[in-house]
Amino acid sequence: MKGIAMTQNQIDKIEEIIIIFNGREKVVIEEFLTFEDVVRYSFDNPPTGETVDFSIQFTNGHPENPSGSHRRGGHKVKVKHRMEFVVTPTNRS
Amino acid sequence: MSLPLIDRSLDLQNLRFNGYHIELRAGYLLIKDVPYVNASREVKKDGVLISKLELAADKTCKPTDHVTYWMAESHPHKHTGEKITSIENPSQSMDLGNNLIANFTFSAKADYSDYFHKMETYVNLITSEAQIISPDATAKTFPVAVSENQDSVFEYENTAISRDHTGEFNNRLAKLKVGIVGIGGTGSYILDMVSKTQVQEIHLFDGDSYLQHNAFRSPGATSINELERRLKKVTYWYEKYSAMRKNIIPHTVFLEKSNLALLNALDFVFLCLDTCTEKTDIIQELENQNKPFIDVGLGIHAKEKLDGLIRVSTSTSQNRESAHQTIPLNNINDNNNDYSTNIQVAELNALNAAFAVIRWKKLFNFYQDKNVEHYSSYWISANEIINEDKGGTSKNTDQ
């Protein structure tokens, strides 16, 4: 099948998905984000390892799932332009 | 356990709630410290108004006898000097027993709906004359209602309870022995709230001393003197809250493997400690003992302004695994200070404590529990609470 060249109009319609992590805007290329993806976007030096003890909350997400938490274990959150995540350990009392 | 007569009778509760100095003695109801005008037109404040109490089924019933007695040096007078004749009754002085002398008898015949109506009617007739001379005179002296109930955990009663009818709900918490592990910012606010419930015992676990910076995120206002005493946290809080209630038991220890038997006697535990390796052992022990617990945690960071999360994780025998997913057990290696969560602020500790106490009370059927959420977090900037790990039963008292 021959490839079809895109018109300039079509190229312009592809939006960049921008998502805010801890107040910082990032361009996100994935359609779904795992826990580890969110951690990676949130920090310049993301920690690695099996036990990554962050609490994550998001808002302004897709209508089916506009707000919630995120967990390890393969869960995925569908991205939406300008949704927001907060990522932090909740380890203080 | 039977309630005192006052707690079973709405009219007596009303008298107390309105500030009258009431006493029940040998079948009589007394209103003490009633102001009146004596024969020399002086305002006295030591009048005692007495009424026989008619009871049915262990509480007061509608009074059929309109008569009252007066124990004082003089019959009450009008401000102008004459006796208040409208209530005067010619009966002789009578010894009613138990140090009660009816120096005078009153009779203001009316259909009294209850003892509040009856006593307030007489009191108003008498004190209104005193108030003409001395406007501040009042029988509503609001004396401290020291606990009559010997089984009560409080030094003085919550006189609001009988009015707002939450007595039955409060009783649901009454037999519990609750532990608070870690009496830092959040733990101290949890103590503040739990101490005002009727729980049987409150056990405090913390090995730390109470230091200057702690004062800025605890309830109340610590004095310099108190800081200089260099008390252990559990001692400081034990002293403070023992002013109000009994059975606060301080343990000057950090809970860890060797002393986990201290948890044996408890029915419920609040974990309010910074994440540490001991937490894993404590949680393991609570699970082994089949005990429900709540773990709290703050995560606040500062960029241009502060933001972060306030978390409550609930663990019962029905959701141990999912609770493991939300309770941080390890501190993240943070050389670059990217994830620093050292910040705590009083209102955030208090909010975390309030969420935890509400969640606990839901488990024990004090509050309605629509979601039975076992995980919730509050995001400061978004002002949003999310509720997850929903479902299961709310009643976790049968282990």
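Per chain, numbering begins at 1; letters A, B, ... match sequence-line order. Small disclaimer: the values here were computed from a predicted structure and weren't measured.
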Contacts of His70(A) that satisfy side-chain hydrogen bond (donor to acceptor under 3.5 Å, both in side chains) - sequence neighbours left out | none

Closest approach of Lys303(B) and Asn22(A), non-hydrogen atoms and distance?
-> NZ-O, 3.3 Å

Please report the C-alpha distance between Thr90(A) and Leu298(B) in whole Å, then the side-chain angles of each, then the deciding distance to 0.1 Å, and finally whether the side chain to side chain contact (heavy atoms under 4.5 Å, CB included) criterion is met.
-> CA-CA 5 Å; Thr90(A) 49; Leu298(B) 291 179; over 6 Å; no

Check the surroundings of atom CD in Glu304(B): do more than 12 heavy atoms from other residues, nucleotides or ligands lie under 6.0 Å from it?
-> no

Segment of Ile183(B) engaging chain A (4.5 angstrom heavy-atom cut-off) = neither

Do you know which of Pro328(B), Gly187(B), Cys276(B) has the most heavy-atom pairs under 4.5 Å to chain A?
-> Pro328(B)

Checking Phe270(B) against chain A: side chain, backbone, both or neither under 4.5 Å from a heavy atom?
-> neither

Report, as yes or no, whether the 6.0 Å neighbourhood of atom CD on Glu347(B) holds more than 12 heavy atoms from other residues, nucleotides or ligands.
-> yes

Ser93(A) side, atom OG; Asn352(B) side, atom CG - distance, nearest 0.5 Å | 6.0 Å

Within 6.0 angstrom of Lys370(B) NZ, more than 12 heavy atoms from elsewhere = no

Without hydrogens or angle criteria, can the side chains of Asn91(A) and Asp274(B) be said to hold a donor-acceptor pair below 3.5 Å?
-> no

Note: vs chain A, highest number of non-hydrogen pairs under 4.5 angstrom among Ser377(B), Gly184(B), Ala382(B) is Ser377(B)

Can Gln325(B) and Arg71(A) be counted as having a side-chain donor-acceptor contact under 3.5 angstrom?
-> yes

Applying a criterion of heavy atom separation less than 4.5 Å, what residues of residues 232-241 of chain B form contacts with chain A?
-> none

So CZ of Arg92(A) and CG of Leu273(B): to nearest 0.5 Å the spacing works out to 11.5 Å

Identify, with sequence neighbours excluded, every residue that meets side-chain hydrogen bond (donor to acceptor under 3.5 Å, both in side chains) alongside His62(A).
-> none

Donor-acceptor contact present, side-chain Glu384(B) to main-chain Ser67(A), <3.5 Å = no

Check: Ser55(A) and Tyr375(B) side chains under 4.5 Å, non-hydrogen atoms | yes

CG on Asp53(A) to OG1 on Thr275(B), rounded to 0.5 Å = 7.0 Å

side-chain hydrogen bond (donor to acceptor under 3.5 Å, both in side chains) with Arg24(A): which residues, sequence neighbours excluded?
-> Asp44(A)

Trp379(B) versus Phe85(A), closest heavy-atom pair with distance = CH2-C, 3.9 Å

Spacing of Ile385(B) atom CD1 and Gln57(A) atom CD [to the nearest 0.5 Å] | 9.0 Å

